[in-house]
Trainee: 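Got a structure here, written out as structure tokens. Questions coming.
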Amino acid sequence: MNMSNTEQTLSIIKPDAVERNLDNEIKEMFKNKGFSIVKEKKIQIEKSEAEKFYKVHETKPFYNDLCAYLSSGPIVVMTLEKENAVLGNRELMGATNPNDAEEGTIRKRYGISIDKNSVHGSDSVENAKIEIDFFFKD
Ligand code: IDP
Ligand code: MG
């Protein structure tokens, strides 16, 4: 009987963290938690691409700033893999607002504010597939 539940999830190291050269430290945090980085690229996206990526938030008051921000500088996009990777990544990231994030999480350690919160992570297995395809389908 195979009870394993290997999943993949999409992680983005956002411009605020790449700008502070935190990408290697953040990648170490993933590896230390048992994630494999199976795909990785450093890119800068157009605002129009950010708008597509964050379409689920298009009615939110912060949508325009969010898309301007994600496209404002280089980001590191990764496919992470491990058992229950989607939830595990959300736990390691911590709360959206770094002020509410638990000790030991990426956002507690590195996040600056609710908008400059250093990392993105897929919120479900279904969205992980869509987000991985968004960046890595070729
Ligand atoms: P998540 O990144 O923890 O999944 P979401 O609610 O999906 O959080 O929001 C996406 C991103 O939008 C957040 O990471 C954050 O950068 C930004 N955001 C969320 N809520 C606010 C807000 O109230 N003001 C400004 N930016 C926000
Ligand atoms: Mg989200």
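Atoms within each ligand, like the ligands themselves, are counted from 1 in listed order. Computed over heavy atoms, backbone and side chain alike; hydrogens, waters and symmetry mates excluded.
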Trainee: Counting only N and O atoms by type, is there a donor-acceptor contact under 3.5 Å from the side chain of Tyr110 to the main-chain atoms of Val119?
Mentor: no
Trainee: Please answer whether the main-chain N or O of Leu10 pairs with a side-chain N or O of Ser122 as donor and acceptor at a distance below 3.5 Å.
Mentor: yes
Trainee: So, Asn117 side chain and Ile114 main chain: donor-acceptor pair closer than 3.5 Å or not?
Mentor: yes
Trainee: Cationic tip of Lys41 within the cone over Phe136's six-membered ring, i.e. under 6.0 Å and within 45° of the normal?
Mentor: yes
Trainee: Counting N and O atoms only, with roles assigned by atom type, does the side chain of Asn5 sit under 3.5 Å from a partner on the main chain of Glu83, one being a donor and the other an acceptor?
Mentor: no
Trainee: Anything with a heavy atom under 4.0 Å from ligand 1 counts, so go ahead and list those protein residues by chain and number.
Mentor: Lys14, His57, Phe62, Leu66, Arg90, Thr96, Arg107, Ile114, Asp115, Asn117
Trainee: Short question: side chain of Glu25, backbone of Leu22 - any donor-acceptor pair under 3.5 Å?
Mentor: no
